[in-house]
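Worksheet for the structure shown next.
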Amino acid sequence: HVQLVESGGGSVQTGESLRLSCAGSGYRYSTATMAWFRQAPGKEREGVAAIWPGDTRKYYADSVKGRSTLSRDNTKTTVLLQMNNLKPEDTAMYYCAAELSSIRPSATLLGDEYKFWGRGTQVTVS
């Protein structure tokens with residue numbers, strides 16, 4: 001079965017960096033669209049970044065564009081989200097998601113498009 005495990009969250013100061021990792025298993029990596037979402041208390045879930053199969057496309061939310069980089073490691077089993085110049089408004093629970101079917105480009109950062117989810121890792125910026 002598909003399993004996604006996030007790690008790398010923590011408490012940092014404004015301007016510092018974090019690298020979030022999502023280790024996936026149980027699916028064919030070459031067909032999976034992977035994404036990061038976040039949700040702060042009292043706020044709606046927000047798509048942060050996504051990467052298409054074969055790394056053919058990457059998408060970033062405007063709120064993190066220019067400060068974040070999404071990539072896969074050499075084994076293709078782990079998706080990495082490097083977040084720099086963190087701000088207090090980046091504070092949230094961050095979730096990794098995977099979808100094995102095709103996703104419309106316009107829907108790549110919509111949570112409803114993803115079937116598989118991790119349990120999340122907390123990021124706190126003060």
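Rounded to the nearest 0.5 angstrom, Asp112 CG and Arg45 CZ are separated by 6.0 Å.
Aromatic ring centres of Phe116 and Tyr27: separated by at least 6.0 Å.
When all heavy atoms of Ala98 and Leu4 are compared, the closest pair comes out as N-CD1, 3.7 Å. Scanning both residues, Ala61 and Gly47, for their nearest heavy atoms gives CB-O, 3.2 Å.
Residue pairs satisfying the disulfide (SG to SG under 2.5 Å) criterion with at least one member in residues 8-107, sequence neighbours excluded, are listed as follows: Cys22-Cys96.
Counting only N and O atoms by type, the side chains of Ser17 and Arg67 include no donor and acceptor under 3.5 Å apart. For the residue pair Gln82/Ser71, the side-chain donor-acceptor check at 3.5 Å is not satisfied.
Side-chain atoms of Leu109 and Glu46, non-hydrogen and from C-beta on, never get closer than 4.5 Å to each other. The shortest distance between side-chain heavy atoms of Ser68 and Asn84 does not fall below 4.5 Å.
In summary, of the residues considered (Leu70, Leu80, Ile51, Val64), a side chain to side chain contact (heavy atoms under 4.5 Å, CB included) with Trp36 occurs for Leu70 alone.
Salt bridge status for Lys115 with Glu99: absent, with no side-chain N to carboxylate O gap under 4.0 Å.
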Checklist line | Worked check of side chain to side chain donor-acceptor pair (under 3.5 Å) between Arg57 and Thr33 | finding: CA-CA 10 Å; Arg57 288 190 184 186; Thr33 300; over 6 Å; no
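Listed by chain and residue number, Asp62 satisfy the salt bridge (charged side-chain N to carboxylate O under 4.0 Å, His left out) test with Lys65 (two or more places apart in sequence, or in another chain).
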